[in-house]
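To start, the structure under review is shown below, and the notes come after it.
Chain naming here is simple, since letters A, B, ... match the order of the sequence lines and numbering starts at 1 in each. Values below: all heavy atoms of this structure, side chains included; hydrogens, waters and symmetry mates excluded. If you're wondering where the values come from, they're calculated on a predicted model, not measured in any experiment.
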Amino acid sequence: MERMQIKSLLSYGNSGQEVSVCGWVRTRRESKGIAFIALNDGSTQDTLQLVIAGTSPAFRKLTLCNTGAAIKATGVLKDSPAQGQKFEVEVSGIEVFGDADPASYPLQKKGHTLEFLREIGHLRPRTNTFGAVFRVRNILAHAVHEFFQGKGFIWVHTPIITSSDCEGAGDMFTVTALDPEKLSKDCRGVDFSQDFFGRRAFLTVSGQLEAEFLAMSMGDVYTFGPTFRAENSNTSRHLSEFWMIEPEMAFADLKDDMQLAEEFVRFLCVRVLEKGEGEIAFLDKFYKNTSIAGLKELSEKPFLHISYSDAIRELDKATEKFEFPVKWGLDLQSEHERYLTDKVFRGPVIVTDYPEKIKAFYMRLNDDGKTVAAMDVLVPGIGEIMGGSQREERLEVLMERMQQMQVPREGLEWYLDLRRYGSAPHAGFGLGFERLVQYITGMHNIRDVIPCPRAPQTIKF
RNA sequence: UCCCGGGUAGCUCAGCCGGCAGAGCAGGUGGCUGUUAACCACCCUGUCGGGGGUUCGAAUCCCUCCCCGGGAGCCA
């Protein structure tokens, strides 16, 4: 089928050229002798204006060209005499692939709430908002690979089904081929040796441990894939299924890690500005939670750094009343993170060197014996967007931390092997892809930045 | 899981100290030769989230369940 994407037509088209475009009708405006259709094909934020003269045979087909109808239009591209668009198509023929009954089609020629659109997830990508968000998501996904590949990182594919139940990153989904009818809810008494893998298996909560052994052989690697958490989290920033990016670098320390994280976010902003200006401009206009100027600033301004201990001192000085106590040794609460990003630093901030007791066993113990070489990247509006660390490469220290934190060695001997044979300093971080998309697009609810959100009691589509 | 706030026409919402269920938009019909979420006129639209209770009478008061949103915890 001969067709041109509206995006390339608007960028590279020439007046007078014969064109053929396919898409979905956004609006139709008609009077007795002339009609206009705004056509969108998903390739770009912009619609293409179709002009149908009353004398054209295509005019009779207009009754089927209601909002939502899929059509093909052929005609001649012309410079538009009216304001609002560069080009328009003087239509000679229309083919209707599928009409959309205006009495029942849920999308109207007006704004809908995001809550309503969540109920019609199969149709919401046809709206300006979700078209914009999903195109930005694509720009970001592509830029992730571009960034790492450009730096010589190797994309590695860590498993989705894992036997490792001790990653400490939260509740996991069990994967089983056993008859569900015969399983009790808490899996008590289930003999997983009779299961498909001969032992209990889970959906991964992180590819980090596996990425570590790939880094300890291939140098610089990254993962980018789906991740699962079975936590009963009901918030605007949690999903049960989300995409995570986890770079892991051999021969690297926390400083290298922080530098990579910062460079990474800045690069992504640059690409969105280059390729998604129309999308960001639209989101800015309707929601005002993102802007081209804001992303430009983010792409240029260095992130601020503060140690956990200094952050505690900063919070101590605050005149603001906090619900949760501020005390060295306690984790930062949402309200504390928000205070740091929104009031103190007014932008992204990297908090480093957390107390060892509140961080994972694999994080490298600092020389003070009290803190670990960890970093969290906090951003306004969302909070933690990345978490990373230098990994503990010293066998003795690692085993001692595992013992203290009651992490069983069983099943992790391979992880310890990496410290027995050719161990080296290494570091990495995890970035929640949807939180990144949220931050860049300014969408408040994480369920609006992924086509099919999975959350407790939510698995439609 | 906890704490708040909601659920009334296809959508957004008013009505809530009990007394005939409403508006705007959408949709339909007609009009209009350059519109931009077109405009103008007329018309249509209901399991008031489900169940139970109080009452002569419940969208409105009480109980309960379900769903949605915001916040918190867990985290990315």
Show every side chain to side chain donor-acceptor pair (under 3.5 Å) that has at least one partner inside residues 98-108 of chain A, sequence neighbours left out. A:Tyr105-A:Arg126

Value in whole Å for how far the C1' atom of B:A76 lies from OH of A:Tyr354: 13 Å

Roughly, in whole Å, what's the span from CG in A:Leu239 to C1' in B:C75? 12 Å

Roughly how far apart, to the nearest Å, are B:G5 and B:C32 at atom C1'? 47 Å

Salt bridge (charged side-chain N to carboxylate O under 4.0 Å, His left out), that's the test. Do A:Arg391 and A:Glu248 meet it? Break it down for me. CA-CA 10 Å; A:Arg391 321 305 188 189; A:Glu248 193 71 34; 2.8 Å; yes

B:A76 C1' sits how many Å from A:Ile446 CD1, rounded? 8 Å

Nearest-Å distance once atom P is located in both B:C13 and B:A72: 23 Å

Please list, in numerical order, the residues of residues 429-445 of chain A that have a heavy atom closer than 4.0 Å to any atom of RNA chain B. A:Gly430, A:Gly432, A:Arg435, A:Asn445

Any A:Ser334 side-chain N or O less than 4.0 Å from OP1/OP2 of B:G73: yes

Find the partner of B:G5: check Watson-Crick (N1-N3 plus N6-O4 or O6-N4) and G-U wobble (N1-O2, O6-N3) distances, both under 3.5 Å, and reply none if neither fits. B:C68

For B:C39, give its Watson-Crick or G-U wobble partner with both distances under 3.5 Å, or none. B:G31

5' to 3', nucleotides 41-47 of chain B under a 4.0 Å protein heavy-atom cut-off (B base, S sugar-phosphate only, - none) gives -------

Inter- and intrachain pairs under ring-ring contact (aromatic ring centres under 6.0 Å, His included), touching residues 125-147 of chain A, at least two apart: A:Phe130-A:Phe134, A:His145-A:Trp155, A:His145-A:Tyr222, A:His145-A:Phe224, A:Phe147-A:Phe264, A:Phe147-A:Phe267

Once side chain to side chain donor-acceptor pair (under 3.5 Å) is applied, what residue pairs with a partner in residues 323-336 of chain A remain, sequence neighbours excluded? A:Ser309-A:Trp328

Give me, pair by pair, the N or O atoms of the protein and of nucleotides 22-26 of chain B that are less than 3.5 Å apart, along with how far apart they are.
residue	atom	partner	partner atom	Å
B:A26	O4'	A:Gln108	OE1	3.4

Which whole-number value in Å describes the distance from A:Glu384 CD to B:A76 C1'? 6 Å

Distance between the P atoms of B:A58 and B:C68, in whole angstroms? 30 Å

Euclidean distance, atom CD1 of residue A:Ile382 to atom P of B:C75 [Å, nearest integer]: 18 Å

5' precedence on RNA chain B between A:Thr458 and A:Phe324 (nearest-nucleotide basis): A:Thr458

Looking only at B:G71, B:C32, B:C74, the nucleotide nearest the A:Arg338 side chain is B:G71

With sequence neighbours left out, which residue pairs that include part of residues 52-71 of chain A fulfil the side chain to side chain donor-acceptor pair (under 3.5 Å) condition? A:Arg28-A:Asn66

Dump the intermediate steps for side chain to side chain contact (heavy atoms under 4.5 Å, CB included) on A:Thr352 and A:Met258, then the final yes or no. CA-CA 9 Å; A:Thr352 61; A:Met258 288 161 65; 3.7 Å; yes

Any N or O donor-acceptor pair linking the side chain of A:His112 to the base of B:C11 at under 3.5 Å? no

Could you give the NZ-to-P distance, from A:Lys359 to B:C74, as a whole number of Å? 11 Å

Rounded to whole Å, CZ of A:Arg29 lies from C1' of B:C40 at a distance of 17 Å

Any N or O donor-acceptor pair under 3.5 Å from the base of B:A76 to the side chain of A:Arg237? no

Length of the line joining A:Ile385:CD1 and B:C75:C1', which is rounded to integer Å: 13 Å

What residues 46-64 of chain A contributes to the RNA chain B interface at heavy-atom separation below 4.0 Å is A:Gln49

Which base, if any, makes a Watson-Crick or G-U wobble pair with B:C75, both distances under 3.5 Å? none

What distance, rounded to whole Å, do you find between the two P atoms, one in B:A14 and one in B:C75? 38 Å

Upstream residue (5' side of RNA chain B) when A:Arg447 and A:Phe242 are each assigned their closest nucleotide: A:Arg447

Hey, does the side chain of A:Ser80 reach the backbone of A:Glu88 with a donor-acceptor pair shorter than 3.5 angstrom? no

Listed pairs, N/O of protein and of nucleotides 1-8 of chain B, under 3.5 Å:
residue	atom	partner	partner atom	Å
B:U1	OP1	A:Asn232	ND2	2.7
B:U1	O4	A:Asn234	ND2	3.2

Below 4.0 angstrom, which residues in residues 254-265 of chain A have at least one non-hydrogen atom near RNA chain B? none

Please identify each residue that fulfils side chain to side chain donor-acceptor pair (under 3.5 Å) with A:Arg118, with sequence neighbours left out. A:Asp448

Neighbours of RNA chain B within residues 115-138 of chain A, by heavy-atom distance under 4.0 Å: A:Glu115, A:Phe116, A:Arg118

